[in-house]
Amino acid sequence: LTSRVQTSAEWLFPETSQLVLALVWARKGGLDPSVREAFARAGIAHLLAISGFHVGVVAGVLFLLLGFLGGSQTLRLILSGAGVWAYVIIIGLPDAASRAAVLLTLVVFGRVAKRAVHPLGALSTAFLVLLVMDPGALIRPGFQLSFAGAAGLVLGYRPISDRLHGFFGDRFPRGLRKGLGAGIAATLATLPLVAWHFDRVSLVGIPLTLLATPLIVLAIPGIFLSFLLQVLGPGPASVIASGVEVPLLVLLDI
């Protein structure tokens, strides 16, 4: 399956295939070392990790497709959650993706049971579940950074966003304020771990993350859609992929 995905990526994204494989298939080995070093120096290496956004896109696409086939919302939620786990297992259970999959499962259970899911409680549960499954994960940088970043978002995103609003008022666009609040919260939470593990701290990580994240947000759904359309025929898939490759090339030039 991996070789098939790699072949498809090379055909659909001739200039950015290795970046595509890193973004959706957790295969960073083919990335040029200079590209990986540039991402690390810029403080945006975390954007190459399979994260909650990727898991959310997979879940959303599956949920929509299942809607065309009929069935109750409960069944669609359960099958979407199962599909997410299949994806995460196939790509090798990377730490951030596993965390996101557990969180999604808890959200699905909450929706089915019609119960509210507390973000911090769900994050704590995910931490314990993954630690029971693999106690050695605790010493992995990816595991630590994944949960530290998520905890930073849960605990710090709203206070920082509100503080920015109090300081700048309506002069600061709401979307930009939220993005900056999330970036600052996650960066501050992971900063000590990044310094400890990698002996470096990027002072431009937050602004570059704000520039690069929209490009990732645009590209990821298009990448998945291109792979999906390729099953139906090369024409539509190639058209979508050509458009998606533009933000990926811009990302490489940041």
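Residues Arg27 and Gln6 form no side-chain contact, since every pair of their non-hydrogen atoms from C-beta on lies 4.5 Å or further apart. Using a 4.5 Å heavy-atom cutoff, the side chains of Leu131 and Phe143 are in contact. Between Val35 and Leu19, every side-chain heavy-atom pair lies at or beyond the 4.5 Å cut-off. Looking only at side-chain heavy atoms (C-beta outward), Leu252 and Leu248 stay at 4.5 Å or farther from each other. You'll find the side chain of Gln18 stays beyond 4.5 Å of the side chain of Lys28, heavy atoms only. Side-chain contact between Ile90 and Trp85: absent, with no pair of heavy atoms (C-beta onward) separated by less than 4.5 Å. The shortest side-chain heavy-atom distance between Leu193 and Pro141 does not fall under the 4.5 Å cut-off. A heavy-atom distance below 4.5 Å is found between the side chains of Leu228 and Leu65.
Through direct or relayed side-chain contacts under 4.5 Å between Ile, Leu, Val, Met, Phe, Trp and Tyr, Tyr157 connects to no other residue. Side-chain heavy-atom separations under 4.5 angstrom define the hydrophobic clusters, and the remaining members of the one that includes Leu69 are Leu66, Leu75, Leu79.
Sorted by first and then second residue, the side-chain hydrogen bond (donor to acceptor under 3.5 Å, both in side chains) pairs involving residues 115-126 (not counting sequence neighbours) form an empty list. The ring pair (Phe, Tyr, Trp, His ring centres under 6.0 Å) pairs that include a residue from residues 203-236 are Tyr87-Phe224, where partners are two or more places apart or lie in different chains.
Within 6.0 Å of CZ on Phe63 lie more than 12 heavy atoms contributed by other residues, nucleotides or ligands. Within a 6.0 Å sphere centred on CZ of Arg111, other residues, nucleotides and ligands contribute 12 heavy atoms or fewer.
Counting only distance, with no hydrogens or angles, the side chain of Thr190 and the backbone of Thr187 share a donor-acceptor pair below 3.5 Å. Remark: the backbone N or O of Leu23 is paired with a side-chain donor or acceptor of His54 at under 3.5 angstrom.
Listed by chain and number, the residues in a salt bridge (charged side-chain N to carboxylate O under 4.0 Å, His left out) with Asp32 amount to none (sequence neighbours excluded). With sequence neighbours excluded, the residues forming a salt bridge (charged side-chain N to carboxylate O under 4.0 Å, His left out) with Arg140 are Asp95, Asp134, listed by chain and number. Partners of Ser226 by side-chain hydrogen bond (donor to acceptor under 3.5 Å, both in side chains), not counting sequence neighbours: none found. With sequence neighbours left out, Leu62 forms a side chain to side chain contact (heavy atoms under 4.5 Å, CB included) with Val58, Ser80. Looking at residues two or more places apart in sequence or on another chain, you find no side-chain hydrogen bond (donor to acceptor under 3.5 Å, both in side chains) involving Gln73. The side chain to side chain contact (heavy atoms under 4.5 Å, CB included) test applied to Ala189 returns no partner, not counting sequence neighbours. Under the side chain to side chain contact (heavy atoms under 4.5 Å, CB included) criterion, Pro221 pairs with Phe53, Val57, not counting sequence neighbours.
Between the CG atom of Leu191 and the CD1 atom of Ile184 there is a distance of 12.0 Å, given to the nearest 0.5 Å. Residue Leu123 holds its CG atom at 6.5 Å from CG of Leu120, rounded to the nearest 0.5 Å. Note: Glu10 CD to Thr7 OG1 = 6.0 Å, rounded to the nearest 0.5 Å. To the nearest 0.5 Å, the span separating CG on Leu31 from OG on Ser17 amounts to 9.0 Å. The CG atom of Leu155 lies 12.5 Å from the CG atom of Leu188; values are rounded to the nearest 0.5 Å.
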Using a 3.5 Å cut-off and no angle test, enumerate the donor-acceptor pairs between side-chain atoms of residues 233-241 and protein atoms at least two apart in sequence or in another chain.
none

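Ile50 and Leu93 end up in the same hydrophobic cluster when Ile, Leu, Val, Met, Phe, Trp and Tyr side chains are linked at under 4.5 Å. Residue Leu48 is grouped with residue Val24 when hydrophobic side chains (ILVMFWY) are merged at heavy-atom distances under 4.5 angstrom, including chains of intermediate members. Val246 and Ile216 are members of different hydrophobic clusters when ILVMFWY side chains are connected at heavy-atom separations under 4.5 Å. Val132 and Val129 fall into different hydrophobic clusters, defined by Ile, Leu, Val, Met, Phe, Trp and Tyr side-chain heavy atoms under 4.5 Å apart, directly or through other members. Following chains of ILVMFWY side-chain contacts shorter than 4.5 Å, one cannot reach Ile220 starting from Leu64, and the two form parts of different hydrophobic clusters.
Across all non-hydrogen atoms, the minimal contact from Ile160 to Gly181 is CG2-CA, 3.8 Å. The shortest heavy-atom contact between Ser146 and Arg99 is OG-NE, 2.5 Å. Nearest heavy-atom pair across Ala59 and Leu104 is CB-CD2, 3.8 Å. Nearest heavy atoms, Ala100 versus Gly52: CB-CA, 3.5 Å. Across all their heavy atoms, Leu21 and Val5 have their closest contact at CD2-CG1, 4.0 Å. Residues Ala101 and Val88 share a closest heavy-atom pair of CB-CG2, 4.0 Å.
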Kindly indicate, with the supporting measurements, whether the criterion side chain to side chain contact (heavy atoms under 4.5 Å, CB included) is fulfilled by Val20 and Trp25. CA-CA 8 Å; Val20 166; Trp25 209 246; over 6 Å; no

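Between Phe127 and Phe147, the ring planes lie perpendicular to each other; the angle is over 60°, past the 30° to 60° tilted range.
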